[in-house]
Amino acid sequence: MDYKFNEIEAKWQKYWAENKTFSAATDSSKPKYYVLDMFPYPSGAGLHVGHPLGYIASDIYSRYKRLKGFNVLHPMGYDAFGLPAEQYAIQTGQHPRVTTFQNIDRYRSQLDRIGFSFDWDREVRTCDPKYYKWTQWAFLKMFQSWYNKDTDCAEPVTELVARFEEAGNKGVNAACGDVPEFTAEQWKAFSEKEKADILMQYRIAYQGETSVNWCPALGTVLANDEVKEGLSVRGGYPVEQKKMKQWQLRVSAYAGRLLDDLDDLQWSDALKEMQRNWIGRSYGAQMVFKVTNPDPADGSKSDRTYDMEIFTTRADTVFGVTFMVVAPESDWVEKLTTASHKAEVDEYIAQVKKKTERERIAETKTVTGVFSGSWAENPFTGEKVPVWIAEYVLAGYGTGAIMAVPAHDSRDYAFAKKFGLKIIPLIEGCDVSNESFDAKEGIMVNSGFLTGKTVKEAIPAAIEEVEARGIGHRTVNYRLRDAIFSRQRYWGEPFPIYYKDGIATPVPESELPLELPDIETFKPAENGEPPLARAKDWTYNGYPLEKSTMPGFAGSSAYYLRYMDPDNDQALVSTEADNYWKDVDLYVGGTEHATGHLIYSRFWNKFLYDLGYVCQKEPFKKLVNQGMIQGRSNFVYRIKNTNTFVSKGLKDNYDTTEIHVDINLVYNDRLDVDAFRKWRPEYENAEFILEDGEYVCGWAVEKMSKSMFNVVNPDSICEKYGADTLRLYEMFLGPVEMSKPWDTKGIDGVHRFLKKFWRLFFGGGEGLGDFSLSEEEPTAAELKILHKLIGKVETDIESFSYNTSVSAFMVAVNELGALKCNKRKILVPMIVLLSPFAPHIAEELWQLSGHSESVSFADFPMYQEEYTREDSFEYPVSFNGKTRFKLSLPKSLDKEEAEKAVMEAPETEKYLAGKPVKKVIVVPGRIINVVF
RNA sequence: GCUCGGGUGGUGAAAUUGGUAUACACGCCGGACUUAAAAUCCUGUGGACAGAAAUGUCCGUACGGGUUCGAUUCCCGUCCCGAGCACCA
């Protein structure tokens with residue numbers, strides 16, 4: 001009987017769906033295991049062969065864990081709000097919901113074809129009101145919470161109000177915006193609007209005016225992680241900085257916890273490192289400099305003096321401060337510009353504003369700046385130093401102002417050189433004639449009370465002095481900014497916020513979800529407002545509702561919780577479900593979410609944890625980053641100005657143009673010339689210069705994309721080879737974490753393996769008869785093959801080395817084939833072992849072998865009990881009191897026997913006789929090789 | 001520039017983490033079965049040298065050093081490749 005994979009796969013996929021084989025019940029006596037894939041955005045292009053890589057890996061793991069007796073939750077859903085559907089809607093008028101649902105259907109059928117063990121009863125779609133009810137709910141919770149730095153925990157705003165009423169805001173240690181101190185009496189005297197404005201500064205979801213990434217082409221603001229190199233990640237449009245009032249999430253309040261808790265996660269070092277950099281903690285001091293504007297530009301009164309606070313990690317270098325710098329966007333610019341410098345400053349600010357973010361980044365090497373006219377006083381030396389305005393200081397980090405120490409900071413150095421400012425070296429023996437000395441090492445000189453100390457001693461000593469003088473304090477700064485949470489778009493979650501007399505007011509929880517209204521066209525409104533301005537009656541109780549919508553990461557931040565209890569309309573997740581499923585044990589997805597989704601999710605989870613809605617402080621215990629599968633493109637070489645194509649090996653003899661050719665016209669880099677002629681009308685009469693009668697194509701690894709004609713569709717692979725072959729082959733290509741090009745060439749080998757495996761059950765390798773298994777007892781050699789494989793596969797699955805497991809299967813099947821082994825006691829366990837990788841063929845053979853239930857390890861006590869690995873132990877061989885080498889000896893030998901074996905080995909004798917042994921190779925049982 | 005990963009046959013990649021380097025697969029060479037092709041199966045396949053042959057010797061894991069009886073693995077230096085961050089004071 002032939003291996004008819006198409007029939008087998010269709011049969012079992014239908015069986016799994018009808019019997020809900022993979023549905024996970026929450027009330028279970030079994031231990032839980034939660035395996036999650038990053039849910040996809042259903043794009044119009046459908047899945048290519050690269051997308052399922054991670055899904056296959058996690059599916060293997062899920063199936064393996066089920067076999068091991070775990071109650072596995074393995075859900076799938078769709079991140080269904082997003083820009084592409086909306087842009088398509090703007091162009092075509094097609095409602096984004098329609099396109100999104102069509103794409104979801106396409107994804108679903110493609111996923112089903114690969115035979116995943118998803119529990120589809122738990123599917124979520126972020127654009128479904130039943131789902132986004134809970135996104136809105138979480139937003140309201142954030143709106144109604146503030147961050148108490150004393151308890152390091154989010155707490156209800158109602159409690160904060162109670163404190164204000166009792167004692168004002170004195171002693172309230174909150175992560176918040178700038179709020180002046182007020183007493184209880186003052187608080188009570190404030191108007192409603194004033195109170196609302198003050199509370200807004202404290203809320204975790206708050207509205208604030210800050211410099212944001214504005215993308216004119218997309219007509220929306222973007223979060224920091226949605227911008228790369230000054231261009232929007234989606235679409236690649238220029239982004240500029242603009243001051244706007246936007247909803248934000250106070251992620252920065254959680255920066256410390258987000259950083260510290262990283263240590264306990266089983267994530268790759270690379271990913272943790274990325275998050276650490278993104279959060280960017282630096283220890284230093286905040287310090288006040290007196291600055292004086294001798295001649296304010298507005299002329300109101302002259303000689304105004306301020307306390308200007310700066311942040312530095314190098315408090316030890318205060319004696320080397322020769323100027324100060326403030327960011328062009330900072331409020332200091334206005335305060336410090338003198339009448340005589342106003343013209344220059346205005347021009348400079350105008351110039352800076354004109355630049356796009358991209359230009360600014362591209363020109364980081366160019367030093368620009370302007371003198372404000374004001375002077376600052378060095379608190380340690382009393383010396384007057386000029387205050388400059390320069391782009392290289394960022395408004396958003398620290399206080400937006402710095403003390404410049406050109407001798408020991410390369411940026412300050414470049415600035416000082418350009419504008420002829422003084423450079424005072426502070427470290428013994430350093431040479432600052434050509435570059436600054438940035439290293440934190442050496443002995444301090446020219447530094448008053450710090451002179452003679454090492455840098456490491458001087459930093460804390462300087463901070464102590466600063467604190468003693470009351471001009472500053474030790475502090476920690478983070479790069480992580482608050483996340484901008486509103487988007488001027490249609491296809492996203494509406495904010496459950498309305499404006500009552502200009503005060504942002506939450507829509508009552510009981511009214512959620514606040515559903516996205518239908519509108520006619522999806523463009524921004526004529527007055528420049530977001531598309532929701534076009535909605536009829538977008539009001540609540542007659543008050544206008546918020547017109548922007550939430551960003552993509554809103555819906556994806558807590559979806560892993562929703563899978564635990566997807567149909568609950570009373571809570572995001574019930575306490576019962578949360579206490580059972582707890583957290584994601586294994587999360588599989590790409591690194592591209594390192595500084596976006598994976599930060600926001602952790603923040604979101606911690607917030608819910610603070611409020612007691614979830615029981616774990618981290619959402620994703622273990623994370624595996626699957627690599628990208630790139631395309632492998634093929635090229636043909638056309639001789640310029642002709643319709644003649646020359647084979648790759650001969651192309652250097654001609655002047656040629658490289659042209660992408662559809663990889664479906666190429667096999668093993670050999671072009672099907674007839675198919676090529678038919679491919680495009682312009683190639684109909686193409687001529688070829690062949691080598692050895694064949695046209696050899698060139699190739700390159702590129703992104704898989706339609707324009708490169710290198711997209712491989714999983715459906716066509718399933719059609720030709722079957723889903724089991726696809727699954728096995730994707731794993732066989734290399735380690736899951738590694739990026740690698742797709743090359744269909746090797747797939748035959750894997751397919752051949754499955755056929756050989758199949759054949760073992762149909763006549764033990766001698767042609768295909770009927771299904772038959774011998775009841776004979778296996779020989780030692782056969783058992784060894786099986787047990788070796790069991791050990792290998794188990795360790796491989798646990799360590800995600802699926803590629804080597806597949807190899808191990810091939811070896812075992814070849815060996816069993818050579819032995820013509822078709823014994824039940826060997827082959828049936830083999831089915832079980834293979835089932836996570838190639839579930840369809842496994843189910844079929846399992847059924848044929850007379851079992852009724854789905855594949856399970858439970859029927860194989862031998863798997864747990866009888867199997868022991870032929871482990872060896874290391875036996876150290878000592879000589880002259882020093883361990884000279886270790887011999888690996890089988891465990892079955894006891895120590896005395898082992899010693900005897902080693903001492904009696906002729907090789908050891910030679911070694912002891914003084915001849916240096918280069919190599920003693922020992923396998924369990926015997927010494928097989930000694931090299932002198 | 002800074003921070004992480006990596007460099008092993010013609011190709012994708014293994015190597016129990018210090019113990020026979022190149023498992024497994026692709027590709028290629030040769031062969032079997034075929035009128036033929038496809039499919040399938042078998043043999044060989046890092047390099048150099050010696051030999052009719054089995055086989056043997058030497059060199060080989062980016063490069064140069066070091067530690068070790070022994071290094072793809074550990075240490076130091078150099079060169080490349082990839083990823084992330086990028087004026088973060």
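Here is the naming used below: chain letters follow the sequence lines, and residue numbers restart at 1 for every chain. The figures here come from the full heavy-atom set of this structure, side chains too, leaving out hydrogens, waters and symmetry mates.
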Rounded to whole Å, the CD1-P distance (A/I790 to B/U16) equals 21 Å
B/A38 -> Watson-Crick or G-U wobble partner, both distances under 3.5 Å, gives none
- Considering only atom P, compute the distance from B/A39 to B/A21 and round it to an integer number of Å. 37 Å
When rounded to whole Å, the OH to P distance for the pair A/Y397 and B/A89 reads 4 Å
From the candidates B/C26, B/U40, B/C4, the one with an atom nearest any side-chain atom of A/K745 is B/C26
B/U61 versus B/G7 - spacing of their C1' atoms, nearest Å
9 Å
Review point. With a non-hydrogen cut-off below 4.0 angstrom, is A/M403 in contact with a base, only sugar-phosphate, or nothing?
Key: nothing
In whole angstroms, the gap separating C1' of B/A23 from CG of A/D796 amounts to 12 Å
**Report entry** Gap in Å between the two P atoms, one belonging to B/G9 and one to B/U22, rounded
**Finding:** 14 Å
Among the nucleotides B/C24, B/C41, B/A13, whichever has the atom closest to the side chain of A/M738 is B/A13
The nucleotide from B/C87, B/C4, B/C26 with an atom nearest the side chain of A/R752 is B/C26
* Asked: Just checking, any donor-acceptor pair under 3.5 angstrom between side chains of A/N477 and A/S282?
  -> no
Per the glycosidic torsion and the 90° limit around 0, nucleotide B/G51 is anti
### Task
Mind running ring pair (Phe, Tyr, Trp, His ring centres under 6.0 Å) on A/Y729 and A/W742 for me, showing each step along the way?
CA-CA 10 Å; A/Y729 184 56; A/W742 175 269; 5.3 Å; yes
Under 4.0 angstrom, heavy atoms only, what part of the nucleic acid is A/R481 near: base, sugar-phosphate, or nothing? base
By nearest-heavy-atom nucleotide on RNA chain B, the more 5' of A/Y729 and A/E273 is A/E273
- Message: Quick check on B/A89: is either OP1 or OP2 less than 4.0 Å from any side-chain nitrogen or oxygen of A/Y392?
- Response: no
Next item on the list: Classify the nucleic acid contact of A/K272 as base, sugar-phosphate or nothing, counting any heavy atom under 4.0 Å across all strands shown.
Entry: nothing
With the side chain defined as heavy atoms from C-beta on, A/K755 is closest, among B/A13, B/A39, B/C87, to B/A39
Among the nucleotides B/A25, B/C87, B/A89, whichever has the atom closest to the side chain of A/I402 is B/A89
Query raised in the report: So, A/D263 and A/R276, do they make that salt bridge, N to O below 4.0 Å?
Result: yes
The Watson-Crick or G-U wobble partner of B/G18, with both key distances under 3.5 Å, is none
Of the candidates B/A13, B/C87, B/C24, the side chain of A/K740 sits closest to B/A13
Side-chain contact check for A/T804: nearest option of B/C24, B/A14, B/C26 is B/A14
| message | Under a 3.5 Å cutoff, is there a donor and acceptor pairing between the side chains of A/T725 and A/H751? | response | yes
Indicate whether OP1 or OP2 belonging to B/A25 is found under 4.0 Å from a side-chain N or O atom of A/N814. yes
Expressed in whole Å, how much space separates the P atoms belonging to B/A36 and B/A48? 35 Å
query = Passes side-chain contact (heavy atoms from CB on, under 4.5 Å), A/T313 versus A/Y283? Steps please.
reply = CA-CA 6 Å; A/T313 53; A/Y283 297 94; over 6 Å; no
When rounded to whole Å, the CG to P distance for the pair A/L760 and B/C41 reads 12 Å
Are the ring centres of A/F837 and A/F809 closer than 6.0 Å? yes
Checklist line | Residues A/K4, A/D2: salt bridge by 4.0 Å N-O rule | finding: no
When rounded to whole Å, the CD to C1' distance for the pair A/E737 and B/G6 reads 14 Å
When both distances are under 3.5 Å in a Watson-Crick or G-U wobble arrangement, the nucleotide paired with B/C33 is none
Of B/C85, B/A89, B/C4, the nucleotide closest to the side chain of A/R479 is B/C85
To the nearest angstrom, the CD-P distance between A/E391 and B/A89 comes to 19 Å
task = May I ask you to say what A/S282 touches in the nucleic acid, namely base, sugar-phosphate or nothing, with a heavy-atom cut-off under 4.0 Å?
result = sugar-phosphate
Answer for the Watson-Crick or wobble partner of B/U73, both distances under 3.5 Å, is none
Checking N1-N3 plus N6-O4 or O6-N4 for Watson-Crick, or N1-O2 and O6-N3 for wobble, each under 3.5 Å, the partner of B/U57 is B/A48
Q.
Once you apply a heavy-atom cut-off of 4.0 Å, does A/V393 come out as touching a base, just sugar-phosphate, or nothing?
A. base
message: Distance to the ring centre below 6.0 angstrom and angle to the axis at most 45 degrees; does that hold for A/R602 and A/W278?
response: no
Side-chain atoms of A/P735 come closest, of B/A14, B/A23, B/G12, to B/A14
*Say you pick atom C1' in B/C2 and the same atom in B/G66; how far apart are they, in whole Å?*
29 Å
Distance between P atoms of B/U34 and B/G47 (Å, rounded)
34 Å
Note: for A/A270 and A/L480 on RNA chain B, the residue whose nearest nucleotide lies more 5' is A/A270
- [ ] For B/C75 and B/U68, measure between their C1' atoms and round to the nearest Å.
- [x] 12 Å
Ranking B/A39, B/C85, B/A89 by distance to the side chain of A/W278, first place goes to B/C85
Taking the C1' atom of each, how far is B/A14 from B/U73, in whole Å?
14 Å
request  = Could you tell me whether A/D796 and A/K792 have a side-chain N and a carboxylate O separated by less than 4.0 Å?
outcome  = yes
>> Just to be sure I understand the rule, does A/N477 reach a base, reach only the sugar-phosphate, or reach nothing, if contact means heavy atoms closer than 4.0 Å?
In response: nothing
Classified by glycosidic angle (syn within 90° of 0, else anti), B/U72 comes out anti
The Watson-Crick or G-U wobble partner of B/C2, with both key distances under 3.5 Å, is B/G84
A/Q630 CD to B/A83 C1', in whole Å, measures 12 Å
Check your understanding: Counting any heavy atom closer than 4.0 Å, what does A/N803 reach on the DNA or RNA strands: base, sugar-phosphate only, or nothing?
Key -> sugar-phosphate
Would you classify A/L733 as touching base, sugar-phosphate or nothing, given that sugar-phosphate means primed atoms plus P, OP1 and OP2, and contacts are heavy atoms under 4.0 Å? sugar-phosphate
Whole-Å distance, A/D409 CG to B/G1 C1', equals 13 Å
